[in-house]
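The structure under discussion appears below in the form of structure tokens.
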Protein chains: 2
Amino acid sequence: MTNLNPEFCEVNESLEILVGKWKPIILLNLLAESPMRFSELKRAIPKITQKMLTKQLRELESQEIIMRKVYAQVPPRVEYSITEYGQTLRPILNAMHQWGLKHKERSITKLPV
Amino acid sequence: MTNLNPEFCEVNESLEILVGKWKPIILLNLLAESPMRFSELKRAIPKITQKMLTKQLRELESQEIIMRKVYAQVPPRVEYSITEYGQTLRPILNAMHQWGLKHKERSITKLPV
DNA sequence: CAGAATCCCCATAGATACTG
DNA sequence: CAGTATCTATGGGGATTCTG
């Protein structure tokens, strides 16, 4: 069932989307709640700078993983939401999250290899 | 079932291991065949430089994802193999690979969002 | 509110040459 | 065979300031 042929590796396709210091946490937020405003995301991820938040959102948008909706009003209102396509990343994020939990356990209990 | 709480994100744990330009392809090779010699890996991944191969292998080794075994002989023989722990990454790599295949289909057929 | 514009640092990764 | 050792370039990411 696991036909992971190294000659035919498509792992990088999704990796390229996920790589970026803040992308996983942005995606987790938008998977949990869409849409979210720029300021809501900023508040949810306090340590990110505005520049980085903007940049990572733009990248995800250009890959059609998220959508950006601008409301023509003052003050500006911009909402981000996950696309249907973006939702297909959920199994990957889930697998990674689950692995991360196990990994933490392991490093705490320091199981022998 | 999908308890992907953004407040409690463990996605980066595995991401940190997978990130590195050559790590996924190295892991796929060692998941398909272990052990492999340094030169076999080099041949399997022609575009990688020796320096990068060494570096990425060392990093994976320090994370206990792979094992390095040196044979005291001339010429030197060094074998790399995936650890049991490293094998737990397979579901993630599989999910990513599957996603990559779908992604390729999508970008070829240019489905509307 | 939601950014754009600058300036800056450093880690990643490539090329090349050398070696026990 | 399986690496080191250098040198260098690129760009990811951070801090700060400014703006429609």
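Protein chains get the first letters and strands the later ones, always in sequence-line order, with residue 1 at the start of each. On a predicted model such as this, the values are computed, not experimentally measured, just so you know.
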Side-chain touch [X]/[Y], heavy atoms, less than 4.5 angstrom:
| X | Y | value |
| --- | --- | --- |
| L27(A) | I66(A) | yes |
| T88(A) | K102(B) | no |
| E79(B) | E40(B) | no |
| V11(B) | H97(A) | yes |
| L15(A) | L15(B) | yes |
| I25(B) | I48(B) | no |
| Y80(A) | I26(A) | no |

Q) Is there a side-chain polar atom (N or O) of T54(B) under 4.0 Å from OP1 or OP2 of dG3(D)? A) no
**Q.** Below 4.0 Å: OP1/OP2 of dC1(D) and any side-chain N or O of R43(B)
**A.** no
(Q) Can you tell me how the ring of Y85(A) sits relative to the ring of H103(B), calling it parallel under 30°, perpendicular over 60° and tilted otherwise? (A) parallel
Q: Could you walk me through whether R106(A) and E13(B) pass the salt bridge (Lys or Arg N to Asp or Glu O under 4.0 Å) test, one step at a time?
A: CA-CA 12 Å; R106(A) 181 174 183 276; E13(B) 308 289 329; over 6 Å; no
Would you kindly give the [atom1]-to-[atom2] distance between [X] and [N], to the nearest whole Å?
| X | N | atom1 | atom2 | value |
| --- | --- | --- | --- | --- |
| L53(B) | dA2(D) | CG | C1' | 10 Å |
| L41(B) | dA2(D) | CG | P | 10 Å |
| R58(A) | dG12(D) | CZ | C1' | 18 Å |

(Q) Does E59(B) reach a base, just sugar-phosphate, or nothing at all? Heavy atoms under 4.0 Å. (A) nothing
Q. Using a heavy-atom distance cut-off of less than 4.0 Å, which residues of residues 65-80 of chain A contact DNA chain D?
A. P76(A)
Q | Heavy-atom pair with the smallest gap, counting every atom of I82(B) and L30(B) | A | CG2-O, 3.8 Å
Q: Give the minimum heavy-atom separation between E16(B) and Q63(B), together with the two atoms involved.
A: O-NE2, 4.2 Å
Q | 5' priority, DNA chain C, between R37(A) and G20(B) [closest heavy atom] | A | R37(A)
Q: Please list, in 5' to 3' order, the outermost nucleotides of DNA chain C lying under 4.0 Å from any heavy atom of chain B.
A: dA13(C) to dG20(C)
Is there any protein nitrogen or oxygen under 3.5 Å from a nitrogen or oxygen in nucleotides 14-18 of chain D, and what are the pairs?
{"unit_1": "dG14(D)", "atom_1": "OP1", "unit_2": "K21(A)", "atom_2": "NZ", "d": "2.4"}
{"unit_1": "dG14(D)", "atom_1": "OP2", "unit_2": "W22(A)", "atom_2": "NE1", "d": "3.0"}
{"unit_1": "dG14(D)", "atom_1": "N7", "unit_2": "K51(A)", "atom_2": "NZ", "d": "3.1"}
{"unit_1": "dG14(D)", "atom_1": "O6", "unit_2": "K51(A)", "atom_2": "NZ", "d": "2.2"}

